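For reference, the structure is listed below as structure tokens.
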Amino acid sequence: MDKLGLYVHIPFCARKCRYCDFVSYPVADKDTHLAYALKVILEASEKAQIFGEGCSVDTIYLGGGTPSLIEPGLISEILDSIYTHFWAEDDCEITIEVNPVSQAREKFRAYRSAGVNRVSIGVQSFDPDVLAFLGRPHTAEEAERAVADARAEGLDNINIDLMFGVPGQDLTSWERDLKKALKLAPEHISFYSLGIEEGTPLFEDLLEDRFVEIDEILDRRMYHLAKEILTDAGFRHYEISNAALPGRESRHNLKYWSMDPYLGLGAAAHSYFGGRRFANTSKLTEYMTAVSVSDMTNWAHENTPGDEMSEFVFLGLRRTEGIRFSDFHTSFGRDFWELYGEETEKLIRRGLLERDGDELRLTDLGLDLANNVFSEYV
Ligand code: SF4
């Protein structure tokens, strides 16, 4: 049986953070949440009929947006519909993203009884100035309480999201954030550099010179400090922006970098199945009024064999273990060096990639300049 991941997008937030360019709408209205959940349930049933045969589901990821903003009962209904329509494995990894402000012990209890066994908590920082700059809707104390509450409810697989490269942050405050996060004993930490995206309030402020971006060298020093502190604490840095205690890597996210199939449910959700990539409309009204799965799909791309090989390389290189030439040959029946020898030799000479027998991976410098490496394989 093929193993499948399911991603469920819940596109609602209490309000928009200043840096956010994710598909999320500041909608707190419970009727809209209910109607949306019912639509996702319909989509789950239809997608199971189209794609579910011969597949078992071994990961489910409820992301957003802020999934914890909607009633836990709706999360439970969505998961129940997945269990009904798909074949979910007994040890299925089921993650929900939670924002500290919308958490409560009762919610974690409800998630657990609905089958959730992993939570990802959007902490970002414990520094009040950083949280204010980002426009996060919670305090550092609420974030700490959220982690403690999840743990108290028996959730033993917790991720904390942290952000660095934020104007006003320095190495000392970033180190404090990392150490405070470690003190909460999570199994997984994601650490992202702040991106200032066009169309966000932060981008407008930058154009108006209301703040100065952190310089690239400090940003990279923060990144390397995170790697060092997390590795010293026993974490395995397994993907560019992710570290976990051994065995606690996000099985769902690993699918994205390993070319494993997944289906997306909900507005803006992406899927990869049978060599085809496709996505639902990100417009809430269009999603809600779509009469069928094909009606809600607004983008699709049939991967050519060349696309598949290139994705295998640049997605696989996101993992710090990199790719194996033998796996490439098994998957495509082609010799990696025949196809990509020239660009790969060049990247090795520039110190961005290293070869170790059957394996190819990013160097420390390559991790800093990963996008330059990936662009060589696109
Ligand atoms: S909580 Fe996340 S998805 Fe929602 S507005 Fe903030 S950054 Fe965006």
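One-based numbering, in listed order, for ligands and for the atoms of each. Bear in mind the structure is a predicted one, so any value in this text is a computation, not a measurement.
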Starting from atom 2 (Fe) of ligand 1, find the nearest protein heavy-atom neighbour and note its residue, name and distance. Arg136 NH1, 4.0 Å
Salt-bridge test for Asp58 and Lys255: reply yes if a basic N is under 4.0 Å from a carboxylate O, no otherwise. yes
Suppose we screen for salt bridge (charged side-chain N to carboxylate O under 4.0 Å, His left out). Which residues come up paired with Glu354, at least two apart in sequence or across chains? Arg361
If the threshold is 4.0 Å, N to carboxylate O, is there a salt bridge linking Arg151 and Glu187? yes
One thing to verify: whether Glu359 and Arg324 come together as a salt bridge, which I'm taking to mean a side-chain N less than 4.0 angstrom from a carboxylate O. yes
Is the distance between the ring centroids of His188 and Tyr238 under 6.0 Å? yes
With heavy atoms of Arg15 as the reference, note each atom of ligand 1 found under 4.0 Å away. 5 (S)
Show the atoms of ligand 1 that are less than 4.0 angstrom away from any heavy atom in Asn99. 1 (S)
Protein N, O or S atoms less than 2.8 Å from atom 8 (Fe) of ligand 1, ignoring waters? Cys20 SG
Review item, side-chain donor-acceptor pairs of residues 7-18, under 3.5 Å, at least two apart:
| from | atom 1 | to | atom 2 | distance (Å) |
| --- | --- | --- | --- | --- |
| Tyr7 | OH | His9 | ND1 | 2.7 |
| His9 | NE2 | Val23 | O | 2.8 |
| Arg15 | NH1 | Gly135 | O | 3.1 |
| Lys16 | NZ | Phe22 | O | 3.0 |
| Lys16 | NZ | Ser24 | O | 3.3 |
| Lys16 | NZ | Ser24 | OG | 2.9 |
| Arg18 | NH1 | Phe133 | O | 2.5 |
| Arg18 | NH2 | Asp205 | OD2 | 2.1 |

For Asp21, the salt bridge (charged side-chain N to carboxylate O under 4.0 Å, His left out) test, sequence neighbours excluded, returns none
